[in-house]
There are 4 protein chains.
Amino acid sequence: MFANQGFYESTIAQIAREAGVADGTIYLYFKNKDDILVQFFEFKTKQVFDRFQKIVKKGDNAVEKLTQLIRRHLKEFEKDQNMAVVYQAETRRNSPLVKDQIRQMSKMYLDIVAEIVEQGQVEGCFRKDLYLGLVKRYILGAVEEVISTWIRSGGKYDLVAMADPLVDLLIRGIGIYELSANNFLGDVQTKKQGE
Amino acid sequence: MFANQGFYESTIAQIAREAGVADGTIYLYFKNKDDILVQFFEFKTKQVFDRFQKIVKKGDNAVEKLTQLIRRHLKEFEKDQNMAVVYQAETRRNSPLVKDQIRQMSKMYLDIVAEIVEQGQVEGCFRKDLYLGLVKRYILGAVEEVISTWIRSGGKYDLVAMADPLVDLLIRGIGIYELSANNFLGDVQTKKQGE
Amino acid sequence: MFANQGFYESTIAQIAREAGVADGTIYLYFKNKDDILVQFFEFKTKQVFDRFQKIVKKGDNAVEKLTQLIRRHLKEFEKDQNMAVVYQAETRRNSPLVKDQIRQMSKMYLDIVAEIVEQGQVEGCFRKDLYLGLVKRYILGAVEEVISTWIRSGGKYDLVAMADPLVDLLIRGIGIYELSANNFLGDVQTKKQGE
Amino acid sequence: MFANQGFYESTIAQIAREAGVADGTIYLYFKNKDDILVQFFEFKTKQVFDRFQKIVKKGDNAVEKLTQLIRRHLKEFEKDQNMAVVYQAETRRNSPLVKDQIRQMSKMYLDIVAEIVEQGQVEGCFRKDLYLGLVKRYILGAVEEVISTWIRSGGKYDLVAMADPLVDLLIRGIGIYELSANNFLGDVQTKKQGE
DNA sequence: GATGAATGAGTTTTCATTCAT
DNA sequence: CATGAATGAAAACTCATTCAT
């Protein structure tokens with residue numbers, strides 16, 4: 001229901017009817033209406049992030065880790081489209097309720113990515129001249145937009161199938177290529193950082 | 001005001017006070033409350049997209065066009081942070097009111113990007129094996145996430161400065177590196193610094 | 001609990017928790033919430049009034065009886081401050097529930113007082129020109145106000161100590177004084193009753 | 001309406017209907033439901049106490065002042081029985097809303113009384129061995145109980161007629177009877193009847 | 001007898017919208 | 001054109017009461 005009409009557009013009466021209980025019953029399990037959203041996020045967050053962290057640990061190298069993370073990310077959202085819709089919708093607005101939770105979740109995710117990128121730099125498969133703060137958003141942003149598009153389309157196509165082409169795009173962007181030595185952009189980059 | 005507390009959290013009374021008119025006066029210019037948002041999007045959208053299209057036309061080659069587009073994109077949002085906040089916030093929720101507008105805007109933007117990418121492929125500076133539908137999101141997603149992060153930070157840093165590093169990430173991901181010797185970006189970069 | 005937050009401000013859930021039983025259990029002993037107050041008044045009333053009547057019987061003359069009654073009155077309320085608070089609070093509102101009880105209690109008390117006064121008149125220690133209906137209220141009102149003040153003060157001082165000075169005030173007001181023969185007021189009083 | 005069923009037992013819907021306006025209109029003039037009571041007390045209090053102070057100033061001596069005060073007190077409550085009911089009802093419960101107001105009003109009244117009593121002691125018509133704190137309550141309590149009884153009776157009889165007998169009771173209690181030959185009250189009484 | 005989860009009627013409050021001035 | 005007082009529908013939330021266990 002939240003997926004269809006949004007959380008704030010849903011009334012307690014509707015939520016209760018949907019749940020097959022009386023209005024008052026809602027308040028036995030949730031402090032107030034907002035608490036429904038907070039608890040939803042808390043539950044889903046823990047569940048999903050545990051899986052993210054697990055899958056990353058299993059990967060041998062940075063490339064494999066990133067691939068597995070994004071595959072899992074897309075898989076989780078594809079599996080539960082309603083959660084995906086609510087997540088995407090509420091994630092963007094500045095509701096003070098879930099703001100902290102979102103910040104925290106976002107940080108966790110970005111930290112995982114940053115770790116992978118740094119490992120990749122050590123392993124020699126990612127460029128050393130990366131602005132880490134930017135690269136993290138670049139990766140997360142691309143993944144989330146892919147999910148957003150899938151949602152807007154009504155979840156009609158295979159979302160996980162997007163994982164590999166996307167990783168390819170991301171990786172070739174941050175991978176080291178043999179000819180990059182005479183790439184002007186590298187210089188520009190260097191200059192910028194010295195600004 | 002919408003930026004601070006969101007559109008649905010703002011009351012007609014507040015809006016009217018802010019505008020220095022009486023409550024009823026609002027209804028002489030807007031059909032209803034929702035219409036305020038609709039008209040806001042219509043106005044801002046036209047304004048901004050005209051500029052996007054203009055700037056893209058001026059670019060000589062695909063790389064330059066993409067760079068200018070993203071720079072302009074970030075510049076517009078940096079210039080009017082309140083607009084940026086409202087845009088980002090309302091863009092994500094599935095309010096049926098502005099849904100069509102957003103879809104349309106999003107389509108316009110993605111079409112511009114797609115055109116640039118296709119031109120780049122013809123010019124031989126972008127890979128031919130790109131999944132166009134995905135590349136469009138990949139680019140838009142990365143840009144919007146960069147804006148989101150800037151907003152969440154309170155708009156404290158120079159957003160436009162993110163443009164070139166971001167383009168670098170995007171381009172190297174979709175650029176053909178065997179041809180990077182005659183990289184066009186160098187020129188663009190140089191021109192820009194002379195602005 | 002009723003003393004602290006009032007009866008209508010207390011919920012069944014609170015009452016049950018305080019009593020160490022489940023909500024439903026309350027309804028095994030009380031018909032409904034109001035019945036709790038009704039039974040409380042019934043219980044306390046009987047208890048206290050029995051004592052009032054007993055103490056009055058023991059007194060030899062009217063003055064002694066009145067003194068003992070007021071002392072006992074203050075003592076009972078001082079002993080159980082919570083009861084005092086609930087009594088004073090609920091006594092004044094016109095809740096139809098306890099209205100009859102209160103009327104009855106009030107009548108009982110006023111009857112005791114009236115009896116004492118009449119006895120005093122026979123004994124020759126109280127004026128004969130008293131408007132009995134008024135004198136009863138005059139006595140009860142003064143006593144209750146003294147209790148009210150004590151409650152408002154938080155029950156910090158010795159309430160019973162107020163008894164003797166108060167009786168002194170009351171008695172000298174209704175006592176016969178040797179010079180009262182040439183008191184103009186007596187005449188006025190008589191006139192008034194004839195109006 | 002408040003007089004009949006009490007303030008907390010009245011709903012906004014009822015209040016609005018009684019006032020001949022819509023529910024929402026109430027909130028244009030009152031912050032919330034409680035504010036209705038607060039404003040009522042504020043208004044009535046000022047109005048009535050101004051009159052109390054005025055009337056006291058006009059009195060020549062303590063006895064006359066006390067008589068006039070109590071007459072006016074009873075007259076005001078008799079004039080507006082509904083106000084009297086609400087006042088008596090809400091005055092006693094410990095509603096935190098009007099608690100301060102009541103305390104303040106009560107203090108004002110007691111201060112007026114105390115001043116009169118002190119003046120009477122100076123003038124030599126009141127006993128010098130009075131416990132002032134107690135005397136104040138003794139007087140206020142008796143007056144309020146007389147009002148309470150009148151209210152409980154349904155306001156069927158002449159309340160102001162109780163003033164003089166009551167003052168007689170109070171005065172003879174605190175008057176010095178050796179001096180009662182040149183009793184001041186006689187004059188007051190006479191004047192009043194000539195009004 | 002005791003329990004306490006579930007109920008849903010009833011209440012306060014908000015706020016977009018209207019319309020007489 | 002502009003106003004802003006009045007409206008009343010709609011929503012969140014409370015809590016006395018019930019009843020299956």
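To find a chain, count down the sequence lines: A is the first, B the second, and so on, and within it residues start at 1.
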Nearest of E/dT13, F/dA6, F/dG8 to any side-chain atom of D/Ile12?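 Between E/dT13, F/dA6, F/dG8, the one nearest the side chain of D/Ile12 would be E/dT13.
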Counting only side-chain heavy atoms from C-beta out, which of E/dT7, E/dT13, F/dA5 sits nearest to D/Asp23?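 Nearest to the side-chain atoms of D/Asp23, counting from C-beta on, is E/dT13.
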Kindly say whether the aromatic ring centers of C/Tyr109 and C/Phe52 come within a distance under 6.0 Å.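 C/Tyr109 vs C/Phe52: aromatic centres under 6.0 Å.
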Compute the ring centroids of C/Tyr87 and C/Phe77, then answer whether they are less than 6.0 Å apart. yes
Does E/dT3 have OP1 or OP2 sitting under 4.0 Å from an N or O in the side chain of C/Thr25?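 So the side-chain polar atoms of C/Thr25 do come within 4.0 Å of the phosphate oxygens OP1 or OP2 of E/dT3, strictly under.
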Does the distance from a Lys or Arg side-chain N to an Asp or Glu carboxylate O, for B/Asp23 and B/Arg17, drop under 4.0 Å?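 No salt bridge links B/Asp23 with B/Arg17.
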Taking salt bridge (Lys or Arg N to Asp or Glu O under 4.0 Å) as the definition, give me every residue that meets it alongside A/Glu42, ordered by chain and number, with sequence neighbours left out.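 Expected list: none.
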Polar side chain donor-acceptor pair, B/Gln88 to B/Ser148, under 3.5 angstrom: yes
No-hydrogen, no-angle side-chain donor-acceptor test under 3.5 Å, D/Gln47 and D/Lys44: yes
C/Phe7 six-ring centre to C/Lys33 NZ/CZ under 6.0 Å and within 45° of normal: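 Yes, cation above the ring, under 6.0 Å and within 45°.
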Output the pairing pattern of DNA chain F as a dot-bracket string, 5' first, Watson-Crick or G-U wobble with both distances under 3.5 Å, | for cross-strand pairs, [ ] for crossing pairs. .||||||||||||||||||||
Side-chain touch C/Phe40/C/Glu90, heavy atoms, less than 4.5 angstrom: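 No, every pair of side-chain atoms sits at 4.5 Å or beyond.
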Please state how far atom [atom1] in [X] lies from atom [atom2] in [N], giving the value in whole angstrom units.
| X | N | atom1 | atom2 | result |
| --- | --- | --- | --- | --- |
| C/Glu9 | F/dA16 | CD | C1' | 15 Å |
| A/Gln14 | F/dA11 | CD | C1' | 11 Å |
| D/Tyr8 | F/dT14 | OH | C1' | 15 Å |

Kindly state which residues belonging to residues 26-36 of chain C come within less than 4.0 angstrom of DNA chain F, counting heavy atoms of the residue only, listed by number. C/Tyr27, C/Asn32, C/Lys33
Of C/Ser10 and B/Val21, the one whose nearest nucleotide on DNA chain F sits closer to the 5' end is B/Val21
